[in-house]
There are 2 protein chains.
Amino acid sequence: MPASNRPTSRPTSRPGAGEVRDRLRAAAFALFEERGYDATTVGDIAEAAGVGRTTFFRAFGSKEDVIFPEHTALLERVRSRLETATTPGAATLIGIAEATRLVLEHYLQEGDLARARYRLTRTVTTLRDRELASTLQYHRVYRDALRAWTGEEAGRDLRAELLAAAVVTAHNHVLRRWLRGVVDGAGAVEELGLALEEALGTGPNGALPRPADEGTSIVVLRTPYDVDAVLPALRRALADDAPR
Amino acid sequence: MPASNRPTSRPTSRPGAGEVRDRLRAAAFALFEERGYDATTVGDIAEAAGVGRTTFFRAFGSKEDVIFPEHTALLERVRSRLETATTPGAATLIGIAEATRLVLEHYLQEGDLARARYRLTRTVTTLRDRELASTLQYHRVYRDALRAWTGEEAGRDLRAELLAAAVVTAHNHVLRRWLRGVVDGAGAVEELGLALEEALGTGPNGALPRPADEGTSIVVLRTPYDVDAVLPALRRALADDAPR
DNA sequence: CGAGAGTACGGTACTGAGTACCGAATAGAG
DNA sequence: CTCTATTCGGTACTCAGTACCGTACTCTCG
């Protein structure tokens, strides 16, 4: 943030702010692809980028951070978007969908970089763990936002958590399909909408949060038969209590 | 596994197999509580346990592994339980519930150890990440099992994933309540059942996957009412197809 | 009882990530 | 041109984790 308020370009031998960062990241990914993550030391990366090892750790906090840049910034954007979405009376579900699309489109813009990262995270265990951890940070953000929305009463907790998990899962599902090249960018954005509908239950027979009052739960599974046809089976199932 | 087939006790100065492991774990947790995780080196732990540093790494693969023991073993038990549960014709939902209870009860048996771990994982970031990663391993196991059950056709993928996320989320929700002392062991087991019902039943429409072949599925959620009492509600739900 | 095999342990030495600190070069302001 | 702030590079350190080797102990077979 200190470099943004310097309007003039840097015509000197001193590299522009952020340029070193880019060189380092490029060198890192190149080396990772070539010899693998573990076989590449931070010293190698720094040398390839023509800078000192110290500079690497100043630009990125750790070796892993080269691969997951701007993660915290993106998370913050999602958080602020959700915050405005979950104020009482706001169109919460739309806000959630928008926040989620924010994330997806971020990866879409990264393009090959995101795919290279995906290749690495599938191979190296520590990186996969790191990515999973960041996934659960999203879960937290959504959960907290939804909790603020649904209220804090007992029982709502689990509901908020389930919804958050569903949203994150839906997003990751679509993202992975794009990363694997199953769908293109436009298709992914479209699929995200459908996936969210399925995750949140806002689709055909939307089953959004049911009021917390006590009562009988009825789960309707679509079946070609009508009620009377399945009723005997239902009675039988209730009788021996061990549905199979 | 090499120690189990030695029937006689070890009367010598050589400690029994596994005893060193226990000493190390006890020393580790004591030091972690005392000075914190980061401020405790592996050398400190080994010294406190009266063994060499090398022995520590032989007993546990890494510093983190002291805190997460038997994780892989437990994961394997869940996997095998799910495997038998998702063979065609088996009582899948019950199998899932049982597998999940397996995990919960494992932690309940750990008792204070699990709670000490919880305290640590809340404080130290790397440990939290590690735990989250293990959480997502469970997600994978459930997802794969459910995928095998629902079939691989397009569209089922997301459904299996959503279900897996819901189950894991429900479990973690209950587990956290026990870890925080909100409920006791018996209460946690009971809550798990309810949470699973909520996770599997109230989520997205038809969250319970239809079997791959056509037919009528009957899902029975325990309710204090008998069939005739809920029948009107059932008819109504089927009639307008879009409850609330 | 004694020799040999297998194993658990301790110690040393190494690599690599990450941190702290210091000095040099450079850019900007006055 | 001088002073100051910032950035970079280099050195030295801590600590996790690995590889290797020698040793002490136990068990087994002769």
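Just so we're on the same page: letters track the sequence lines, and every chain starts at 1.
- In summary, Asp112(A) and Arg119(A) do not engage in a salt bridge, as defined by a charged side-chain N under 4.0 Å from a carboxylate O.
- For the atom pair NE2 of His106(A) and CD of Glu70(A), the computed distance is 5.0 Å after rounding to the nearest 0.5 Å.
- Using a cut-off of 4.0 Å between Lys/Arg side-chain N and Asp/Glu carboxylate O, Arg128(B) and Glu131(B) are scored as not salt-bridged.
- Two residues, Gly50(B) and Thr41(A), neighbour DNA chain C, and the one matched to the more 5' nucleotide by heavy-atom proximity is Gly50(B).
- Counting non-hydrogen atoms under 4.0 angstrom, Thr126(B) reaches nothing in the nucleic acid.
- Using a 4.0 Å cut-off between a side-chain N of Lys or Arg and a carboxylate O of Asp or Glu, Arg23(A) and Glu19(A) qualify as a salt bridge.
- In terms of position along DNA chain D, the nucleotide closest to Val51(A) lies nearer the 5' end than the nucleotide closest to the other residue of the pair Val51(A) and Thr40(B).
- Here the P atom of nucleotide dT7(D) and the CG atom of Leu24(A) are 15 Å apart, to the nearest Å.
- The interatomic distance linking Phe56(A) (CZ) with dG16(C) (C1') rounds to 13 Å, in whole Å.
- Ranking dT19(C), dG10(C), dA16(D) by closeness to the Thr55(B) side chain, first place goes to dG10(C).
- In this entry the distance linking CD of Glu47(B) with C1' of dC9(C) reads 17 Å, nearest Å.
- Side-chain proximity of Arg53(B) to the nucleotides dG18(C), dA16(D), dC9(C) is greatest for dA16(D).
- Look at NZ on Lys63(B): it is 16 Å from P on dT14(D), rounded to the nearest Å.
- Residue-level contact check: Thr54(B) touches the bases, meaning some heavy atom is under 4.0 Å from a base atom.
- Summarising the geometry, the separation between CZ on Phe57(B) and P on dC15(D) is reported as 12 Å, rounded to the nearest angstrom.
- The distance between atom CD1 of Ile45(A) and atom P of dG16(C), rounded to the nearest whole Å, is 12 Å.
- Among the nucleotides dA16(D), dC8(D), dG10(C), the one closest to any side-chain atom of Arg58(A) is dC8(D).
- Put simply, CZ on Phe60(B) is 18 Å from C1' on dT18(D), counting in whole angstrom units.
- Between the CZ atom of Arg35(B) and the P atom of dC15(D) there is a distance of 11 Å, given to the nearest Å.
- A cation-pi arrangement is absent between Lys63(B) and Phe32(B), since the terminal nitrogen or guanidinium carbon is not both under 6.0 Å from the aromatic centre and inside a 45° cone about the axis.
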